[in-house]
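In what follows, a structure is listed as structure tokens, so that the remarks can point back to it.
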Number of protein chains: 2
Amino acid sequence: MSVVTPPAGSTRAATIYDVARLAGVSHQTVSRVLNDEPGTRAATRERVRAAIASLGYRRNSAATALASRRSHRLGALVTGMLESGPSKFIDGAATAARQAGYVLDIVSLDHTGRDATQATDLLDQHDLAGVVILAPSDQVHAALATWRPRVPVLVATALEDDHTDPDGHTGNTAATRAAVEHLLGLGHTRIALVAGPDHWASAAARTHAYHATMAAHRLPSLPVIPGDWSARSGHLAGHALDPTTTTAVLAANDQMALGVIRALSERGIAVPEAISAIGIDDIPEAGYFLPPLTTVHLDFHGYGHHAITTLLRTIDPVGTRPTPAPEPPRLVVRASTAPPVASAATVAAPAVR
Amino acid sequence: MSVVTPPAGSTRAATIYDVARLAGVSHQTVSRVLNDEPGTRAATRERVRAAIASLGYRRNSAATALASRRSHRLGALVTGMLESGPSKFIDGAATAARQAGYVLDIVSLDHTGRDATQATDLLDQHDLAGVVILAPSDQVHAALATWRPRVPVLVATALEDDHTDPDGHTGNTAATRAAVEHLLGLGHTRIALVAGPDHWASAAARTHAYHATMAAHRLPSLPVIPGDWSARSGHLAGHALDPTTTTAVLAANDQMALGVIRALSERGIAVPEAISAIGIDDIPEAGYFLPPLTTVHLDFHGYGHHAITTLLRTIDPVGTRPTPAPEPPRLVVRASTAPPVASAATVAAPAVR
DNA sequence: GGCCACAGATCCCTCGCTAAC
DNA sequence: AGTTAGCGAGGGATCTGTGGC
């Protein structure tokens with residue numbers, strides 16, 4: 001891990017004036033060539049291009065930004081980068097940004113929203129063309145409420161999106177519904193939820209969707225078992241589960257589902273024979289759990305990509321290519337779910353076989 | 001997922017000239033106050049501060065960068081953001097950058113090094129103070145070979161680091177050695193390796209360390225089983241394993257270890273009773289696998305943090321606080337490893353009990 | 001009253017580029 | 001196609017006021 005510093009006496013970087021002199025044109029002509037503006041003869045353009053190449057000229061984006069009052073930088077205010085969802089989102093966003101010739105400035109924030117002011121200061125300061133906020137927490141929302149950004153802002157995973165929009169923009173609602181209905185379809189009626197942390201918007205959306213789906217099928221929700229996305233919290237939840245009143249568990253993400261399965265295994269409760277377990281997200285490892293986890297695939301990479309292109313479209317309506325829509329949530333049935341056994345567990349509903 | 005655009009007629013952002021007029025001083029005085037330079041009376045300074053606050057002034061970083069030829073931006077050229085290691089590394093890096101008042105510009109690159117030129121162009125262009133490269137692949141290295149950056153560059157996870165430095169800066173060597181020696185200590189001698197993709201520097205380092213550690217103990221290496229970091233490839237590897245000549249498996253990361261364990265379970269081979277399995281990385285889920293995975297914890301977050309502060313120290317030797325060193329790799333013994341059974345498996349070495 | 005030293009504030013030019021003429 | 005004038009800041013030289021002798 002060593003730092004390589006460029007040679008100290010390295011010559012000053014070339015400017016458009018240097019290029020202009022070498023090509024025998026005015027600096028404005030160089031500017032025109034750089035920006036693909038009309039008004040230069042093909043021959044001139046070629047001469048300029050050659051000069052650019054021979055000098056190794058790179059445009060100075062600070063000067064460009066200053067003069068044009070535009071920049072090719074996008075900000076991303078991010079919470080929970082370590083979670084698999086957010087990190088895939090960022091990857092998709094960074095990729096989309098780069099494809100469009102932008103860089104993504106990452107400003108990470110913890111979920112408490114502490115230092116939110118410092119973060120928004122940074123964003124305000126660094127002349128960005130737009131900002132994507134992936135701040136799934138209420139507290140971050142609150143901390144950001146007073147912020148008056150000067151550039152277009154896209155808030156991904158906002159609470160309201162998922163509650164009001166039946167399609168669930170970030171897929172939370174649709175994914176949760178798919179999971180619950182899969183269990184319902186197998187014949188389960190006593191379905192427990194291990195929820196994500198309340199203050200995360202997507203956790204709240206999933207919890208909400210669980211209740212809504214159960215209600216839509218005229219089934220009572222079971223008391224929600226709280227979790228914090230981690231396998232550890234799923235493990236705790238799995239120990240708290242009452243196998244006499246529950247035949248299936250929906251964990252709000254795959255990591256918690258893993259913890260639940262391990263807890264049940266410790267208690268000698270077989271999955272899926274005694275209790276079915278299902279997750280949400282479809283992390284790459286989910287298919288290799290014991291048993292392989294039934295879950296709902298979510299296209300976080302696509303959401304990130306889509307967020308950036310959506311943002312870019314309002315910044316630069318003409319220059320932005322249409323973006324492929326993210327894939328809708330997709331149920332992936334593996335081996336952790338099965339029909340309930342006709343046993344004491346099915347207290348309320350008559351056993352159907 | 002909607003874009004909020006600031007009111008169209010929003011007033012032009014305040015400049016230092018506006019601040020100066022309001023405070024009744026020259027713009028240069030404002031500049032001094034902004035940069036905490038000496039030479040302003042306390043009373044004047046307060047007046048300027050008040051004007052700044054009342055106008056909501058934010059300095060324009062493009063103008064600052066242009067005029068001062070310095071920026072508060074760091075670039076990160078990143079490959080494999082989806083892997084858990086890199087994403088933690090970036091989180092640590094982004095946090096460290098923000099603490100130092102910098103933002104991290106992420107430019108993501110796929111591991112083939114395709115588009116490397118466009119990526120380095122982006123980096124060259126965006127007047128950065130320095131660049132961190134987390135490009136663990138040979139191909140990226142090759143693509144970058146022709147790049148002559150103008151700013152200090154820190155290459156994390158370079159091949160040579162791990163091979164020449166016994167401490168293994170990124171922990172690969174030390175972690176691998178710890179894993180192998182743990183198995184050795186349990187009495188295993190027939191230890192197989194499921195390797196990461198060759199072209200990743202850290203995979204190569206781990207493979208190298210495996211051979212070196214075996215050799216140091218005068219034990220033959222077993223043929224290396226190739227993998228690609230994924231649980232899927234671990235699963236394939238687990239099926240390829242010969243249980244008659246192998247008593248333990250080291251997987252180069254935890255995901256592959258998961259796949260191996262699942263494959264062995266499918267084949268009716270008990271872990272750890274028949275074959276021990278160990279991973280590297282200690283992902284948060286590792287403790288909840290069945291059985292809980294013995295692995296080596298790696299402080300990726302710390303590496304990222306450390307990379308940035310190391311880079312900043314060469315950029316701004318005085319202004320950078322000393323950084324806490326990343327934690328060294330640490331063996332985490334859980335339940336997937338056990339002494340070998342005295343059976344046919346121990347062909348070469350006499351069974352020790 | 002004149003001279004100097006010096007902090008405190010100002011003036012002008014510059015950075016590299018875009019935009020209007 | 002070229003000329004000229006900014007964009008918003010920083011850097012150094014320069015001016016102003018104060019106090020000491």
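Computed from heavy atoms alone, side chains included, the values below leave out hydrogens, waters and symmetry copies. Computed from a predicted structure; not experimentally measured. Here is how names work: the chains are called A, B, and so on, in the same order as the sequence lines, proteins then strands, and each is numbered from 1.
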- Query: Mapping B:Thr44 and A:Thr15 onto DNA chain C by nearest heavy atom, which one lands closer to the 5' end?
  - Reply: B:Thr44
- Task: Using a 4.0 Å heavy-atom cut-off across all strands, classify B:Ser61 as base, sugar-phosphate, or nothing.
- Result: nothing
- Note on the structure: Sequence neighbours excluded, the answer for salt bridge (Lys or Arg N to Asp or Glu O under 4.0 Å) partners of B:Arg58 is A:Asp121, A:Asp124
- Task: Quickly work out the B:Leu55 CG to D:dG8 P distance and round it to whole Å.
- Result: 14 Å
- B/S/- contact track for nucleotides 10-19 of chain D, protein heavy atom under 4.0 Å: BBB-------
- Name all residues meeting the salt bridge (Lys or Arg N to Asp or Glu O under 4.0 Å) criterion together with B:Asp299; count only those two or more places apart in sequence or in a different chain, and write none if there are none. none
- Query: With sequence neighbours left out, which residue pairs that include part of residues 15-33 of chain A fulfil the salt bridge (charged side-chain N to carboxylate O under 4.0 Å, His left out) condition?
  - Reply: A:Arg12-A:Asp18, A:Asp18-A:Arg21
- Message: So, using side-chain hydrogen bond (donor to acceptor under 3.5 Å, both in side chains) as the criterion, who are the partners of A:Thr44 when residues are at least two apart?
- Response: none
- Message: Once ring pair (Phe, Tyr, Trp, His ring centres under 6.0 Å) is applied, what residue pairs with a partner in residues 17-56 of chain A remain, sequence neighbours excluded?
- Response: A:Tyr17-A:His27
- Item | Those residues that, when tested against B:Arg41, pass side-chain hydrogen bond (donor to acceptor under 3.5 Å, both in side chains) (two or more places apart) | none
- Query: D:dC7 P sits how many Å from A:Leu66 CG, rounded?
  - Reply: 9 Å
- Nucleotide range of DNA chain C lying under 4.0 Å from chain A heavy atoms: C:dG16 to C:dA20
- Query: Quick one: side-chain hydrogen bond (donor to acceptor under 3.5 Å, both in side chains) pairs with a partner in residues 85-98 of chain B, sequence neighbours left out?
  - Reply: A:Gln118-B:Arg98, B:Asp91-B:His301
- Message: So B:Asp105 and B:Leu128, do their side chains get closer than 4.5 Å, heavy atoms only?
- Response: yes
- Query: Listed by chain and number, what are the side-chain hydrogen bond (donor to acceptor under 3.5 Å, both in side chains) partners of B:Arg69, not counting sequence neighbours?
  - Reply: none
Sequence neighbours excluded and cut-off under 3.5 Å, please list the side-chain donor-acceptor pairs for residues 46-57 of chain A, or say none.
from: A:Glu46; atom 1: OE2; to: A:Arg49; atom 2: NH1; distance (Å): 3.4
from: A:Arg47; atom 1: NH1; to: A:Ala23; atom 2: O; distance (Å): 2.6

- So what is the end-to-end bend of the helix from C:dG2-D:dC21 to C:dC21-D:dG2, with 5 pairs used at each end and the value given to 10 degrees? 50°
